[in-house]
Amino acid sequence: MQTNNVAIKQEDQIQLESLDTITYGERLSYAHQQGIQSLETKIIQFPNAENKHTAICSATLVTQNGSIFTDVADASAEGVPLGCVESPVCIAADKAKSRVIADGFNLQS
């Protein structure tokens with residue numbers, strides 16, 4: 001895949017549910033190549049027993065031209081890979097950042 005003269009490597013694309021998608025790491029690399037002003041996350045909800053150990057984070061991307069994109073994501077022990085069960089906040093933050101990068105640079109989800 002090639003977007004705005006910056007190539008996204010084939011090995012950084014994975015197939016989920018029969019759809020090709022770009023990994024978070026490659027999305028972040030692409031965003032840096034395009035020039036971002038900032039990429040910030042905020043924790044909206046800390047996981048605890050009352051919310052079924054669900055973390056919710058938001059991410060805000062400011063592109064080089066000043067456009068602002070914001071999105072949210074959640075993660076819980078039930079919906080993350082076994083090795084990530086102890087890190088729902090990190091997973092939620094990475095998912096939110098991945099979504100705003102996709103929106104900000106018109107990348108496939």
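Positions are given from 1 along the sequence. Quick caveat: nothing in here was measured; it's all calculated off a predicted structure.
Judged purely by atom type and a 3.5 angstrom limit, K95 uses its side chain to pair as donor or acceptor with the backbone of D74. Between the N48 side chain and the N51 main chain, a donor and an acceptor come within less than 3.5 Å of each other.
Put simply, OH on Y24 and CD1 on I91 are 11.0 Å apart, with the number rounded to the nearest 0.5 Å. One distance of note links CZ of F46 with SG of C57; it measures 8.0 Å at 0.5 Å rounding. The CD1 atom of I22 sits 12.0 Å away from the CZ atom of F105 when rounded to the nearest 0.5 Å. Put simply, OG1 on T23 and CG on L28 are 9.5 Å apart, with the number rounded to the nearest 0.5 Å. Rounded to the nearest 0.5 angstrom, L107 CG and R99 CZ are separated by 15.0 Å. The CD atom of E78 sits 7.0 Å away from the NZ atom of K52 when rounded to the nearest 0.5 Å.
Between I68 and L61, every side-chain heavy-atom pair lies at or beyond the 4.5 Å cut-off. Using a 4.5 Å heavy-atom cutoff, the side chains of P47 and P88 are in contact. For the pair S58 and K42, the minimum side-chain heavy-atom distance is below 4.5 Å. For the pair F69/I101, no side-chain contact is recorded, criterion being any heavy-atom separation below 4.5 Å from C-beta on. Residues K97 and L39 form a side-chain contact, since some pair of their non-hydrogen atoms from C-beta on lies under 4.5 Å apart.
Other residues, nucleotides and ligands contribute only 12 or fewer heavy atoms inside 6.0 Å of the CD atom of E40.
The shortest non-hydrogen separation linking V100 to D71 is CG1-N, 3.3 Å. The minimum heavy-atom distance linking Q37 with Q64 is given by the pair NE2-O, 3.4 Å.
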